[in-house]
Q: 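So that we are looking at the same thing, I have put the structure below in structure tokens.
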Amino acid sequence: MKLGKISNSTFYVMVCLTILSFMSCSSDDDNNGSSGAIAPVAQEASDISLTSFRANWNNVFRASEYVLDVSADSGFSSFVDGFDNLSINQLSQSVTGLNSNTTYYYRVRAVVGGVVSGNSNTISVETNTQFPDDVTLKSATENNFFVGVAVSEARTNISSYDEIYTREFSSITAENDMKMASIFTGIDNTGAIIYDWSKVDALVDYAEANNINVHGHTLIWHRSLPQVLENFSGTDQEFEDLIEQYITDVFTRYQGKINSWDVVNEAIDDDPGVQWRDTVFLQRMGEDYVEKCFAFARAADPNVKLFYNDYNMTFDGTKRGKVLAMVDDLLASDLIDGVGYQMHIDYNFPSTQQIQDATDELVAKDVLIHFAELDVKVNAANDLTELTEERAMAQSQRVQEVVEIFNAIPQNKKYAITLWGLKDDDTWLIPENNGRPEWPLLFDASFNKKQAYQGFLEGL
Ligand code: 9MR
């Protein structure tokens, strides 16, 4: 490069940098203070998103650490939470939890031999204003794992739902339409099961037409019981035969179309001292009913991936221990392929470490892993009447952590993350909690992407 092409100021900076270790250079910024320690040169931000960016700076010879300030005003009269004099021992720092479409400023100091330098130059950075159009949940997870959503057959016929289902998701799970009480509608006078396949057929066709995976949910669940089984007047053997028939018929009808199923849901009791939840299945078929159901399923179609699905698995270590012991037993007979941890969590509970530890325990087993039924409560304490920006950010951060934990699972064990619903006002949690406001999903009531949607993408 010819000197003539370098501006005066660039030349000046180059000279300063060259003699950095020997003397101090003055500039617009208070760069070296009176201490003599050399101030770093802050570099442009990278990885800019809606809610975060990465601050970067250069190395200062013999610096033991750096100190970063981030502010929403160029005079640094106040600081972004957690970024006031933050000590860092690397040359960049991710700054998260920010507002979208906002200008931030950062500056950094070096600590050399216990002496803090003056401030570096100040870098300004503007967070993004909108979600990138060319990235979807589906495109961002392609060839990695399924990203699923709980749907209803009725909503697949509503264009605003259909548009997002097909654009964003690579897998669907029926929130209710594939439960036993929806399909098994009665028993005729010959003793044969009466079926209503209509919604399942429609969902399977929908998935096929749109190249979407179907995860079946759920064959056996005590909370979705046909009336005739609840008050069944036949013998225990007849009851068991009906269960076998049901599983076989479902698998036969949807062979090659539904490739994975939650075979049994929530069979383990919450009471630490009790193994099996007291259900009609336990009473009629005995303590090995779970194993029997998995065996019926395996025999009906050996190509279907068989899952066990349960809740509170991330923080209730005792329950998880019972479930994982059962999984070991099923694995010993090659009767199970995957485990679903239902992710009905809160923005502040359980801890990230708890989720990580619970996941690690599952990774140690030879099973596919499903983070099923994901929704993130923000109003369990009922302290909100609307979703605040701050809480939306915290929720987004939580979703990001969950996705990061899932994404770090060895590739051959990642099955899917499934959101338990599309948009906030459809959540099961509102009726469940007698109308308490809640905003647990990735889309708002008007089908707009939330910060939590962005958090999902950032977790990848
Ligand atoms: O979200 C589902 C809700 O619409 C139903 O009324 C309820 C009872 O069938 O089931 C809800 O989904 C549950 C899931 O099937 C199994 N794990 C717990 C979920 C929340 O209750």
Side-chain angles (χ1 to χ4, degrees), residues 148-156 158 161 165 169 171-185 196 199-200 203 214-227 229-230 246 250 258 260-270 276-277 279-281 290 293 306-316 319-320 322-323 326 338-346 349-350 358 369-380 402 415-443 445:
V149 60
V151 303
S152 71
E153 189 274 324
R155 289 182 181 144
T156 60
I158 300 172
Y161 282 95
Y165 287 162
F169 296 97
S171 182
I172 53 173
T173 297
E175 185 168 356
N176 292 302
D177 294 337
M178 295 192 191
K179 289 174 181 168
M180 198 188 226
S182 307
I183 303 177
F184 184 142
T185 57
D196 178 357
K199 289 182 178 160
V200 190
L203 278 172
V214 182
H215 177 71
H217 174 85
T218 170
L219 290 170
I220 301 296
W221 186 34
H222 62 282
R223 285 185 53 201
S224 185
L225 210 55
Q227 204 76 76
L229 288 190
E230 208 151 344
Y246 174 71
V250 171
I258 303 181
S260 60
W261 269 98
D262 292 329
V263 177
V264 182
N265 196 46
E266 303 171 9
I268 300 296
D269 206 90
D270 293 317
W276 303 107
R277 183 188 297 281
T279 68
V280 67
F281 302 106
V290 172
C293 291
L306 308 181
F307 281 72
Y308 177 79
N309 192 49
D310 214 329
Y311 61 84
N312 291 1
M313 300 290 283
T314 53
F315 61 88
D316 184 341
K319 181 168 179 181
R320 188 168 68 244
K322 290 189 283 180
V323 168
M326 177 194 72
V339 173
Y341 277 3
Q342 294 178 21
M343 291 301 222
H344 300 295
I345 58 176
D346 285 60
F349 180 82
I369 299 176
H370 186 190
F371 278 6
E373 305 186 22
L374 174 62
D375 44 33
V376 179
K377 289 189 282 297
V378 290
N379 198 28
V402 167
Y415 183 65
I417 300 179
T418 298
L419 275 303
W420 207 238
L422 182 67
K423 62 189 187 77
D424 284 341
D425 55 334
D426 296 332
T427 178
W428 69 286
L429 289 162
I430 296 174
E432 174 78 10
N433 295 302
N434 304 315
R436 188 192 78 216
E438 194 49 86
W439 302 269
L441 296 167
L442 301 191
F443 290 81

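Only this structure's heavy atoms are used, side chains among them; waters, hydrogens and symmetry mates stay out. Order of appearance sets the numbers: ligands from 1, and atoms from 1 within every ligand.
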Q: Can you tell me which residue and heavy atom of the protein come closest to atom 19 (C) of ligand 1, and the distance to 0.1 Å?
A: Glu373 OE1, 3.4 Å
Q: Heavy-atom contacts with Trp428 under 4.0 Å: which atoms of ligand 1 show up? List them by number with element.
A: 1 (O), 20 (C), 21 (O)
Q: For Asp262 and Trp221, which I'm curious about, is there any donor-acceptor pair between the side chains at under 3.5 Å?
A: no
Q: Quick check for you: to the nearest 0.5 Å, what is the distance between His344 atom NE2 and Glu432 atom CD?
A: 9.5 Å
Q: For atom 13 (C) of ligand 1, grab the closest protein heavy atom and report residue, atom and distance to one decimal in Å.
A: Trp221 CH2, 3.8 Å
Q: Identify the closest protein heavy atom to atom 12 (O) of ligand 1: which residue and atom is it, and at what distance?
A: Trp420 NE1, 3.3 Å
Q: Mind checking whether His217 and Trp420 have parallel, tilted or perpendicular rings, split at 30° and 60°?
A: perpendicular
Q: Considering only protein heavy atoms, which is closest to atom 14 (C) of ligand 1, and at what distance to one decimal place?
A: His217 NE2, 3.4 Å
Q: Quick check for you: to the nearest 0.5 Å, what is the distance between Tyr246 atom OH and Ile220 atom CD1?
A: 7.0 Å
Q: By the definition side-chain hydrogen bond (donor to acceptor under 3.5 Å, both in side chains), identify the one residue from His215, Gln342, His370, Glu373 that meets it with Thr418.
A: His370
Q: Does the side chain of Trp261 come within less than 4.5 Å of Val250's, by heavy atoms?
A: yes
Q: Going through the distances and angles, do Asp375 and Lys377 end up as a salt bridge (charged side-chain N to carboxylate O under 4.0 Å, His left out)?
A: CA-CA 6 Å; Asp375 44 33; Lys377 289 189 282 297; 5.4 Å; no
Q: Among all protein heavy atoms, pick out the one at the shortest distance from atom 1 (O) of ligand 1; state its residue, atom name and that distance to 0.1 Å.
A: Glu175 OE2, 2.5 Å
Q: Side chains of Asp316 and Tyr311: donor-acceptor distance under 3.5 Å anywhere?
A: no
Q: Numbering the atoms of ligand 1 from 1, which are under 4.0 Å from a heavy atom of Arg223?
A: 8 (C), 21 (O)
Q: Using a strict cut-off of 4.0 Å, indicate which atoms of ligand 1 neighbour a heavy atom of Gln342.
A: 17 (N), 18 (C)
Q: Against heavy atoms of Asn265, which atoms of ligand 1 measure under 4.0 Å?
A: 16 (C)
Q: Report the nearest protein non-hydrogen atom to atom 6 (O) of ligand 1: residue, atom name, distance rounded to 0.1 Å.
A: Asn176 OD1, 4.1 Å
Q: Considering heavy atoms of the protein only, find what lies nearest to atom 10 (O) of ligand 1 and give residue, atom and distance to 0.1 Å.
A: Lys179 NZ, 2.9 Å
